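Below: one structure, written as structure tokens.
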Amino acid sequence: MKHISSLANGVALGSAGVIMMSVLSGCEAQQQEQQQQNRFLVIEQQANGKYIVAEEMPTDGPNRAIIREKDAQGNTIERFMSEEEMKALAEQEYKKVQDGTSETVQSGDSSAGMGLAGTILAVAAGSLLGNMIGNALMNNKNFAKNSASTNKSAYSRSAAARSSKSSSSKKSFFGGSNAKSSSQGSRSYGG
Amino acid sequence: MISLQKINSLNDDVLEELGFTWHTDSDATKYINDELVVVTQDEAEAYYLAGNEIYDMFVVAAEHVIENNLFFELGIPFNLVEMIKKSWENDVHWHIYGRFDLAGGLDGKPIKLIEFNADTPTSLFETALLQWALLKENDMNENRQFNNVYDAIKENFKRLITLNEDTELFDERYDGWKILFSSVEGNDEEEATTRLLQQMATDAGFNTSFEYLNNVRFDEDGIFDADENQYEYWFKLYPWEDIGSSEPELATTLNSIMQNQKAIILNPAYTLLFQSKGIMKIIYDLFPDSPYLLQTSFEPINGIKQVEKTVFGREGANTKIIDANGKIVEQTDGEYDNYKKVYQEYVEFNKDSNGEKYQAGLFFAYESCGLSFRKGSEIMDNMSKFVGHVIA
């Protein structure tokens with residue numbers, strides 16, 4: 001029954017769910033110095049065990065994430081990850097970048113996802129480790145490509161779509177002025 | 001008698017941190033109840049189906065009102081009629097969300113439609129978020145609720161662009177158009193409700209912003225925030241009938257804006273047809289055999305217990321319960337007495353063991369999407385309490 005649906009751990013509540021999760025779990029939002037736009041992330045484990053970013057929302061609060069994984073029985077488990085935990089994983093992965101073993105800087109197809117630490121570093125390096133490191137990583141072609149392909153969130157896709165459109169392709173939000181027939185039964189608002 | 005399950009309530013600090021500041025009513029009682037209504041899967045399913053069927057009847061009834069020019073009968077301010085017609089003609093004026101108020105649905109009592117809050121429904125924060133938080137806080141299975149409100153409204157925002165059920169094409173078709181959200185400054189509940197809707201639209205992928213109503217600038221070229229940014233969409237948590245009667249100049253300007261296709265206003269003007277309790281009479285005439293409808297008339301109904309309401313009363317104001325002999329057994333005052341009256345067959349709400357009454361609120365965003373309850377006395381007013389639910 002799709003409509004009486006699961007809200008497991010607030011994931012269906014989008015960015016509001018992340019706020020709810022963090023308040024209910026006692027991780028209050030602490031103000032911190034802004035460097036790069038912080039995010040709420042929903043990171044999802046794929047059937048192959050790798051991770052992708054399923055949702056991404058900009059936030060004025062600290063970085064936070066919900067990690068959605070499968071347990072041994074195949075049930076979906078979700079856990080909340082604070083900024084400190086994300087930072088620790090990002091730092092650990094960044095060490096691997098420095099010695100060249102991180103998958104974030106490998107060439108090849110990363111669209112199937114990466115490990116959890118790699119995924120977090122790939123999408124939030126700047127806001128977790130600072131702009132200098134973030135920018136340096138983004139200058140690495142492989143890293144930039146992996147960062148883009150591991151991020152499947154609507155936010156990053158629509159941001160990319162927006163920036164790539166020229167003003168000449170401007171469409172009308174009014175959907176053309178052709179009114180649809182309003183004859184009985186033709187309307188599509190109903191269930 | 002309905003069954004209730006006792007739970008731990010959310011404490012006020014947590015509620016405030018979530019942005020929910022209206023947790024205590026003016027008589028110092030808690031607005032969020034520390035019990036849940038226990039609903040069976042079949043009851044939840046029946047509410048779902050009822051909302052979908054009732055919405056379809058509203059669409060037919062609105063079409064009937066427009067074709068037969070029955071705006072006066074519904075008490076619609078004359079200066080809104082053109083916008084109502086115009087918004088009805090083009091699907092870009094997409095209805096984002098509404099809430100049906102229903103009697104029955106539990107304990108074997110049939111579901112009966114009381115009214116449809118189609119224009120500016122509140123209780124959204126409670127239903128979409130607190131309902132979920134109550135189960136979470138009490139370590140209950142979060143899947144046992146009929147509450148897809150957040151996701152359903154988010155998806156429905158995408159339909160402003162895709163204009164049909166399938167929202168897949170949103171990313172491809174969306175071109176950066178912005179939605180401005182507005183509510184009256186100084187009303188926490190309305191502001192939080194509006195900002196929650198803004199968050200849903202942002203999650204859907206829209207560029208959004210918020211501006212208090214008094215800071216929004218309108219002219220024939222469009223709708224602007226205080227920094228002169230122009231918006232393609234404007235969502236106002238402000239009743240259309242108040243725009244028509246108290247803000248006639250604004251109504252004129254909005255009409256030009258709509259005529260010139262400078263902005264789309266949400267919820268659309270035609271939702272005022274749904275909102276008018278006068279439409280309950282039209283629907284009853286069109287669908288007299290529907291199990292969901294109560295007999296409704298523009299004149300007092302002979303020989304049955306009934307409720308007199310004004311077409312645009314809110315929060316139970318200006319309501320009279322009249323018994324079969326025409327005697328008033330209960331009534332409330334209010335500011336809506338100048339509006340036309342409708343008479344609706346009386347129906348009993350579901351009751352708990354203390355005789356407290358429960359009205360179901362069923363949210364609708366393209367389809368029925370979530371359930372909440374209000375607990376109160378015979379006439380549900382703004383002292384009634386929010387009660388969450390759990391599916392047994």
Side-chain angles (χ1 to χ4, degrees), chain A residues 1-26 28-29 40 55-58 78 153-163 165 167 169-191, chain B residues 14 17-18 41 44-45 48 51-53 55-56 58-60 63 66 88-92 94-95 128-129 132-133 136-137 142-143 145-148 150-151 154 160-161 163-165 170-177 196 199-200 202-205 207 232-233 261 264 364 366-369 391:
Chain A
M1 246 165 290
K2 177 181 164 287
H3 47 271
I4 300 182
S5 82
S6 156
L7 285 174
N9 280 321
V11 170
L13 304 178
S15 56
V18 186
I19 297 169
M20 302 276 289
M21 283 282 279
S22 71
V23 172
L24 293 176
S25 64
E28 295 91 18
F40 297 130
E55 302 258 4
E56 173 184 10
M57 280 77 78
E78 274 132 3
S153 72
Y155 173 79
S156 77
R157 277 182 282 134
S158 66
R162 279 197 287 286
S163 62
K165 273 204 183 68
S167 57
S169 73
K170 188 94 182 135
K171 294 171 281 187
S172 168
F173 62 95
F174 231 93
S177 55
N178 282 358
K180 289 189 184 57
S181 154
S182 61
S183 70
Q184 187 170 313
S186 74
R187 295 183 66 77
S188 49
Y189 298 113
Chain B
V14 166
E17 205 173 333
L18 294 171
Q41 184 78 38
E45 194 67 22
Y48 172 79
N52 294 347
E53 198 170 312
Y55 195 92
D56 286 346
F58 269 91
V59 171
V60 173
E63 182 76 29
I66 291 168
W88 188 253
E89 283 165 9
N90 193 327
D91 276 352
V92 297
W94 198 263
H95 188 189
L129 300 183
W132 174 84
K136 182 83 188 161
E137 183 72 3
E142 296 147 35
N143 294 334
Q145 55 182 316
F146 176 16
N147 177 13
N148 193 29
Y150 194 100
D151 202 50
K154 183 186 90 180
L160 283 170
I161 304 300
L163 301 183
N164 62 35
E165 179 167 5
F170 175 83
D171 288 345
E172 191 178 302
R173 295 194 179 158
Y174 175 68
D175 201 19
W177 302 302
L196 177 59
Q199 199 168 356
M200 293 167 176
T202 306
D203 283 0
N207 290 325
E232 287 81 9
Y233 297 90
Q261 302 196 346
I264 290 168
F364 188 93
Y366 195 75
E367 62 180 341
S368 304
C369 61
I391 297 177

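Because the structure is a prediction, the values reported are computed rather than measured.
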Query raised in the report: If we only count heavy atoms from C-beta on, is the A/Met57 to B/Thr202 side-chain gap below 4.5 Å?
Result: no
Query - Residues in side chain to side chain donor-acceptor pair (under 3.5 Å) contact with B/Glu53, at least two apart in sequence or another chain - result: none
Report summary line: Correct closest heavy-atom pair for A/Met20 and B/Leu129 would be CE-O, 3.1 Å
Query raised in the report: Between B/Asp203 and A/Phe40, is any pair of side-chain heavy atoms under 4.5 Å apart?
Result: no
Query - Pairwise distance CG(A/Leu13) to CG(B/Leu196) - rounded to 0.5 angstrom - result: 9.5 Å
Requested in this report: Look up atom CD in A/Glu78 and atom CD in B/Glu142, then write down how far apart they are to the nearest 0.5 Å.
Outcome: 8.5 Å
